[in-house]
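This report refers to the structure that appears directly beneath it.
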Amino acid sequence: MSKTAIVPTRAENFPEWYQQVIKSADLAENSDVRGCMIIKPWGWGIWENMQRQLDAMFKATGHVNAYFPLFIPLSFLEKEAEHVEGFAKECAVVTHHRLEAKDGKLVPAGELNEPLVVRPTSETIIGAAYARWVRSYRDLPVLINQWANVVRWEMRPRLFLRTAEFLWQEGHTAHETKEEALEETRKMLGVYEKFAREHLALPVFTGAKSESERFPGAVDTLCIEAMVQDRKAIQAGTSHFLGQNFSRASGIEFATRDGGREFAWTTSWGVSTRLIGTLIMAHSDDDGLVLPPRVAPSQIVILPVLTKPELREAVLRAAEELAAELRMQTAFGESVRVEIDRRDIGGGTKNWEWIKKGVPLRVEIGPRDIEKGAVALSRRDRSTKDKEFPTRTEFVASAGALLESIQNGLLARATAFRDEHTKLIDSADDFRAFFTPKNEAKPEIHGGFALAHWDGTAETEEKIKEELKVTVRCIPDGGDDTPGVCPFSGRPSARRVIFAKSY
RNA sequence: CGGGCUGUGGCUCAGCUUGGUAGAGCGCUGCGUUCGGGACGCAGAGGCCGUGGGUUCAAAUCCCACCAGCCCGACCA
């Protein structure tokens, strides 16, 4: 048995492995406020890349950015009945606006006339603004996105996957017609799917949520659903068709082309820092984080071999020169991101730190390499022992292609994994067997996505959830839509849906 | 919000049963030897033992209360 950098391994204890990967890669940590995390530079670097790349895709589809307030008047939240019900239990509420010293302590003072809710999402406050901005069909569509933090007071937080405060983007659009709004909802789901696949190397299923999993207040919730290495599903992004529910609640009304009045058709769509958690669980291994090059804060780290003091200067200079040449190369249409680790610590320790951080390419350069005009190259998608020795020139010329091949390799691997654990299931017994671990005391990784028929009722869904903790993750687009029989109720089923345990 | 467990240097923990001068490993700092796969030696810094009260000549240790965290449940787009 070989030693792994992460203890325990994925097979031994997946949730604990996940925490250790984050810690070892120095991505984030829990803060002094329960449920809130500190995102450290390496983790933030990933988010910055996601933001930059997604933002470009939003702009390319005609959206602009704006910013709406963190605080929402309580009365706004009350406007949409289902919305209230969905979020009321997890809202942080601001009731005072001042602190006064009393017995050496600070106590809240200056009670607000109307409490303010820290946004759990922004439909209501953005709706109120749109109601003022939209007068005529000529004012439509409104295509706005905002990058923001939101707060949902979660009982059981987990770094990146579910935190009380998290970062996201929320797009909010208003349209003249139902068809246009539906098209927008679809279009943005497509953007998410493409981003997940091409940038995060995550194959995802797209589809619609069942009634019970729908966004509170939405007519329809579309989602991208990913599978991670413990074979559970994770909702990685959602796009909602809100119909006229929110425009009616907020009064987004416009004069139609024929002189009538109508409520606008709205959508909203978002992805969050949860994508980072998804990324970690999808690609990382027992030696730590594995990053798709496209979102890696640094794609190549140069590790100068600093042995003899008299050679130090020369080695560092060679490292600088190599870095400069690499930065002139491109991968994915951007210039290659390179950093040099100049720290004077043990070479082995340093190397392992970068393995755990998941940097795609590690390049050692020392006196012997300089002499031979070579570098020692290691890829994060290969064994940690593998080392190649291309010439320096070869390496520089191939750097971009190497990164792209790592990116493609990760996607291929994740796709194979997902396909291997996606099964057509037709009987209730097979379904139970699929989702039941062999060792109840210490459940092993089991299950996956079950493509099974479902009668479409919330009762059947609830029954399955009770028994197996398995839910309908999505009613997938495309694929097999032949009718069948629901194995749980015997009633007719319009088509197969994806069942899985989920995050 | 229920049930269980845990709070001791930066981190992981021992010490508590049976009260008597605060411990280890890792990490950190300095010096030296090392260095192409997780180095070693020596010297050092660093702690109101979660908080408050009680018992006692004496409390990390016993008792009570509170606070915080973790796990399990409930809850969760």
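Bear in mind the structure is a predicted one, so any value in this text is a computation, not a measurement. So you know, we letter chains A, B, ... as the sequences are listed, proteins then strands, and number each from 1.
For Glu154(A), whose side chain is taken as the heavy atoms from C-beta onward, the closest listed nucleotide among C76(B), C11(B), G36(B) is C76(B). Candidate nucleotides G36(B), C71(B), C75(B) were compared by shortest atom distance to the side chain of Val305(A), and G36(B) ranks first. Taking the side chain of Thr307(A) as heavy atoms from C-beta on, and the options C75(B), G36(B), C35(B), the nearest nucleotide is C35(B). Side-chain proximity of Lys356(A) to the nucleotides G38(B), C71(B), G36(B) is greatest for G38(B). Which of G38(B), G36(B), C76(B) sits closest to the side chain of Pro367(A) comes down to G36(B).
Both the sub-6.0 Å distance and the 45° axial angle are not jointly satisfied by Arg119(A) relative to the ring of Phe76(A).
Taking atom C1' in both A65(B) and A24(B), one finds a spacing of 33 Å when rounded to whole Å. Rounded to a whole angstrom, the distance from the C1' atom of C67(B) to that of G25(B) is 30 Å.
Nucleic acid contact class of Lys469(A) (heavy atoms, under 4.0 Å, all strands): sugar-phosphate only. Among the atoms of the strands shown, only primed sugar atoms or phosphate atoms (P, OP1, OP2) are found under 4.0 Å from some heavy atom of Thr349(A). Contact annotation for Gly366(A): base contact, defined as any heavy-atom pair under 4.0 Å involving a base atom. Nucleic acid contact for Asn30(A): none, since no nucleic acid atom lies under 4.0 Å from a heavy atom of the residue. Base contact: Glu364(A) has a heavy atom under 4.0 Å from a base atom. At a threshold of 4.0 angstrom between heavy atoms, the contacts of Pro120(A) include nucleobase atoms, whether or not backbone atoms are also involved. Here Ala218(A) lies out of heavy-atom contact (under 4.0 Å) with every strand.
Residue Asn351(A) holds its CG atom at 4.5 Å from CZ of Arg362(A), rounded to the nearest 0.5 Å. Distance check: Leu222(A) CG to Thr185(A) OG1 gives 6.5 Å after rounding to the nearest 0.5 Å.
Arg156(A) has no side-chain polar atom (N or O) that falls below the 4.0 Å cut-off from OP1 or OP2 of C71(B). The shortest distance between the side-chain N/O atoms of Arg34(A) and the OP1/OP2 oxygens of C70(B) is below 4.0 Å. OP1 or OP2 of G36(B) has not a single side-chain nitrogen or oxygen of Lys385(A) nearer than 4.0 Å.
Taking for each of Gln19(A) and Asp386(A) the nucleotide of RNA chain B with the nearest heavy atom, the 5'-most of the two is the partner of Asp386(A). Sequence order on RNA chain B of the closest nucleotides to Lys209(A) and Asp344(A) puts Asp344(A) first from the 5' end.
For Asp285(A) and Arg380(A), the salt-bridge test passes: some basic side-chain N is under 4.0 Å from an acidic carboxylate O.
Remark: Trp352(A) CH2 is packed, more than 12 non-hydrogen atoms of other residues, nucleotides or ligands lying under 6.0 Å away.
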